[in-house]
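Just so you know, these numbers come straight off a predicted model, no measurement behind them. Note on naming: letters A, B, ... go to the chains in the order of the sequence lines (proteins, then strands), and numbering restarts at 1 for each one. Note that these values count all heavy atoms, side chains included, but never hydrogens, waters or copies made by symmetry.
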There are 2 protein chains.
Amino acid sequence: MPSPTDSTAPADTTSPTGPTGPTGPAARRSDATRAAILDAARERFAADGYERATIRAIAKDARIDPSMVMRYYGSKEGLFAAAVAVDLRIPDLAALPRATVGETLVRHFLAQWRENEVLTALFRVAASNPAGAERTRGLFRDQLLPAVRRVCPDPEQVPARAALVAAQLLGFGLTRFVLRFPAAVELHDEEVVAWLGPTVQRYLTAPHP
Amino acid sequence: MPSPTDSTAPADTTSPTGPTGPTGPAARRSDATRAAILDAARERFAADGYERATIRAIAKDARIDPSMVMRYYGSKEGLFAAAVAVDLRIPDLAALPRATVGETLVRHFLAQWRENEVLTALFRVAASNPAGAERTRGLFRDQLLPAVRRVCPDPEQVPARAALVAAQLLGFGLTRFVLRFPAAVELHDEEVVAWLGPTVQRYLTAPHP
DNA sequence: CTTGTTGGCCAACACTTGTTGGCCATCACC
DNA sequence: GGTGATGGCCAACAAGTGTTGGCCAACAAG
């Protein structure tokens with residue numbers, strides 16, 4: 001499986017737009033199309049899940065031919081991998097007042113979930129697609145676990161505490177953004193923070209019961 | 001959409017096994033096959049989700065012809081509806097010591113989830129299938145909401161508290177049984193009760209923050 | 001102007017899906 | 001024994017899927 005960042009497109013040996021400027025690698029004419037495909041893919045995966053988000057539908061949304069998707073991303077799996085490359089940008093919990101880590105995390109995840117439909121796409125797919133599930137486990141392992149480690153002194157307890165935090169945050173995201181329980185949708189963000197904040201705080205810092 | 005209990009099979013006007021006994025409606029010769037189909041369907045839906053759980057695969061598991069599935073359940077949607085008819089059997093929270101409702105609920109859901117793979121099937125499907133999502137909203141509305149109402153005096157707060165409970169319980173079920181985060185799988189049930197019990201207790205009985 | 005590369009589309013392939021209709025064996029009942 | 005319903009399978013259909021290869025226009029380099 002190709003990494004999320006590389007494409008299966010022909011290697012860019014020579015830059016058609018002249019020498020690469022100092023601002024980054026050469027911008028190709030097709031970059032706009034590539035981005036349009038990724039946007040459409042995220043939207044479709046978030047709305048329909050993996051199987052029903054067809055390449056034809058994604059291509060139609062991006063206003064290009066389905067075969068272009070294959071040329072740029074190799075396969076549907078490659079497209080998915082590229083579309084849901086997520087960086088949670090979890091703040092450094094060790095740099096915060098210890099009593100506020102719970103509330104901070106809840107606020108952060110609410111914001112992330114709302115502004116990035118990629119999370120909805122990822123979890124919708126993860127529920128019924130092995131590759132998607134593996135991707136979420138990677139997220140947990142590589143991003144949440146290290147963050148929790150910064151706030152929990154006993155390394156032995158880190159996985160359990162991180163799992164509890166994940167269950168709570170992911171559970172609320174699921175009920176609100178994926179399953180769309182009306183009661184979860186209608187809660188104000190401040191209420192959510194007030195309820196979930198202390199829970200996450202306890203999972204992170206309370207002594208093992 | 002047919003109700004979960006009725007099938008699209010030809011109406012049983014005359015009982016082939018003689019007059020109906022006092023133990024219930026006539027047992028038909030095909031009942032074993034019907035049950036085998038439902039079992040196989042639950043297993044496949046739980047393992048693969050809606051789209052990849054093909055009727056052909058389900059029929060193969062049940063050792064019958066795919067066309068039988070159509071005859072007995074009308075369509076794939078009808079089969080799904082029949083396969084994931086779930087009764088959570090939530091205990092009457094008003095009959096319990098008020099301080100134990102949280103722990104009781106957590107224990108109850110852990111048991112339900114483990115012994116009934118139907119929950120895994122339902123939530124796996126719900127994440128990417130509108131009909132499945134609607135089904136989970138019905139579960140929330142018709143089974144969890146009334147249970148919470150029995151323990152919460154203020155009707156105005158019931159939906160929010162129920163949503164929080166659902167988020168926590170469903171979130172853990174998701175991480176352990178659907179996404180299979182190792183850290184969530186390895187937690188002992190008693191640890192889960194010790195951590196989640198107080199959370200659910202607070203969501204149910206603590207004063208509005 | 002020629003030439004080679006890049007971006008793009010069209011048409012098709014091979015396969016799987018849900019679904020349907022027809023045919024045959026079995027069994028209860030007259 | 002006849003007869004009709006019931007349980008079951010086989011073969012096919014139409015639609016939709018991911019994927020592939022070939023063709024064409026635009027444009028930069030020589």
Side-chain angles (χ1 to χ4, degrees), chain A residues 1-2 7-19 26-37 40-41 44-45 48-60 62-83 128-129 131, chain B residues 1-2 7-20 26-37 40-41 44-45 48-60 62-83 125 128-129 131:
Chain A
M1 187 173 62
S7 75
T8 320
D12 42 348
T13 50
T14 60
S15 159
T17 57
R28 291 197 271 181
R29 250 193 313 146
S30 63
D31 282 355
T33 301
R34 282 184 155 82
I37 293 177
R44 282 284 175 176
F45 282 134
D48 299 335
Y50 189 80
E51 334 280 340
R52 309 190 351 172
T54 68
I55 288 196
R56 281 173 168 85
I58 293 170
K60 193 171 186 178
R63 272 190 267 275
I64 46 96
D65 189 87
S67 63
M68 302 300 296
V69 178
M70 303 300 298
R71 181 177 291 183
Y72 288 150
Y73 296 99
S75 69
K76 189 178 180 179
E77 268 207 54
L79 171 64
F80 174 73
S128 64
N129 182 284
Chain B
M1 188 172 62
S7 76
T8 321
D12 42 349
T13 51
T14 62
S15 159
T17 58
T20 298
R28 291 195 271 181
R29 249 194 313 145
S30 62
D31 281 355
T33 301
R34 282 184 155 83
I37 293 176
R44 282 284 176 177
F45 282 134
D48 298 335
Y50 189 80
E51 334 281 339
R52 311 191 348 176
T54 69
I55 289 196
R56 281 173 169 84
I58 293 170
K60 193 171 187 178
R63 272 190 268 273
I64 45 96
D65 190 86
S67 63
M68 302 299 296
V69 178
M70 304 300 297
R71 183 178 290 183
Y72 287 150
Y73 296 99
S75 69
K76 189 179 180 180
E77 268 206 54
L79 172 65
F80 174 72
V125 170
S128 65
N129 182 283

Test side chain to side chain donor-acceptor pair (under 3.5 Å) applied to Thr54(B) - qualifying residues, sequence neighbours left out: none
Parallel, tilted or perpendicular: ring planes of Phe80(B) versus Tyr50(B), cut at 30 and 60 degrees: perpendicular
Distance, rounded to the nearest Å, where Arg63(A) contributes CZ and dC9(C) contributes P: 12 Å
Rounded distance in Å - NZ (Lys60(A)) to P (dC9(C)): 14 Å
Spacing of CD1 belonging to Ile58(A) relative to CG belonging to Asp48(A), to within rounding of 0.5 Å: 9.0 Å
pair Tyr72(A)-Leu79(A): side-chain heavy atoms closer than 4.5 Å: no
Ser75(A) OG to Ile55(A) CD1 distance, which is reported to the nearest 0.5 Å: 7.5 Å
Gly49(A) to Ser128(B) - nearest heavy-atom pair and separation: CA-CB, 4.0 Å
Heavy-atom check, side chain of Val69(B) versus side chain of Arg56(B), under 4.5 Å: no
Lys76(B) side-chain N/O to Ala53(B) backbone N/O, donor-acceptor pair under 3.5 Å: yes
Sugar-phosphate or base contact per nucleotide [nucleotides 17-26 of chain C; S, B, -; heavy atom under 4.0 Å]: BBBBBB----
Nucleotide-level pairing of DNA chain D, given in dot-bracket where Watson-Crick and G-U pairs need both distances under 3.5 Å and | marks other strands: ||||||||||||||||||||||||||||||
